[in-house]
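Once you've had a glance at the structure underneath, I'll fire off some questions.
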Amino acid sequence: GVKAYFAQRDKGLYGFAQYGTFLFTTTRYDEVAETSSTFNDVFDGFSVGLGYQINKDLDISAKYTTLGTPVQNSNYIGVRVGYRIFGSK
């Protein structure tokens, strides 16, 4: 992924983009044959978002993720609030 601050580093508004691979494991049960099958599927996903670094300990961001699957596209929006409890300042 990449992250770019629009003002000064480690403070203020920033944008980011991420690319990743997702692994899903699904178990399907056939009631007629009374058997179950497990499938492993791998999909590529891409996220873009905006965030705001309030201070060195508090960060808020929102992102939009799209996940391309062979059957359909899955999209979602995520919100994150991060607060540093441990670590150097």
Decide yes or no on side chain to side chain donor-acceptor pair (under 3.5 Å) for Asp30 and Thr35, but give the supporting numbers first.
CA-CA 5 Å; Asp30 185 347; Thr35 59; 4.8 Å; no
Locate the shortest heavy-atom distance separating Thr65 from Ser47; write the atom from each residue and the value.
OG1-OG, 2.6 Å
Whether over 12 other heavy atoms sit under 6.0 Å from Lys11 NZ:
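It does not: Lys11 NZ has 12 such atoms or fewer within range.
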Is it true that Arg84 and Asp59 have a side-chain N and a carboxylate O under 4.0 angstrom from each other?
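Salt bridge between Arg84 and Asp59, a charged N being under 4.0 Å from a carboxylate O: no.
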Once you round to the nearest 0.5 Å, how far does OH of Tyr52 lie from CD1 of Ile60?
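That separation rounds to 10.0 Å.
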May I ask you to test the Leu58-Val81 pair for a side-chain heavy-atom distance under 4.5 Å?
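Of all side-chain heavy-atom pairs linking Val81 with Leu58, at least one is under 4.5 Å.
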Side-chain heavy atoms of Asn75 within contact of Tyr64, under 4.5 Å:
yes
Taking atom CD1 of Ile54 and atom OH of Tyr83, what is their separation to the nearest 0.5 Å?
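Going from the CD1 atom of Ile54 to the OH atom of Tyr83 covers 11.0 Å.
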Going only through I, L, V, M, F, W and Y residues with side-chain contacts under 4.5 Å, is there a path from Val48 to Tyr76?
no
Would the Tyr14 and Tyr5 ring centres measure less than 6.0 Å apart?
yes
Is there a chain of hydrophobic side chains (I, L, V, M, F, W, Y, each step under 4.5 Å between heavy atoms) that links Tyr29 to Val32?
no
Go through the steps to decide whether Phe46 and Gln18 satisfy the test side chain to side chain contact (heavy atoms under 4.5 Å, CB included), and finish with yes or no.
CA-CA 6 Å; Phe46 184 76; Gln18 299 170 326; over 6 Å; no
Minimum-distance pair of heavy atoms, taken over all atoms of Lys3 and Phe16:
CA-CB, 4.1 Å
Transitively linked via ILVMFWY side-chain contacts under 4.5 Å: Phe6 with Val2?
no
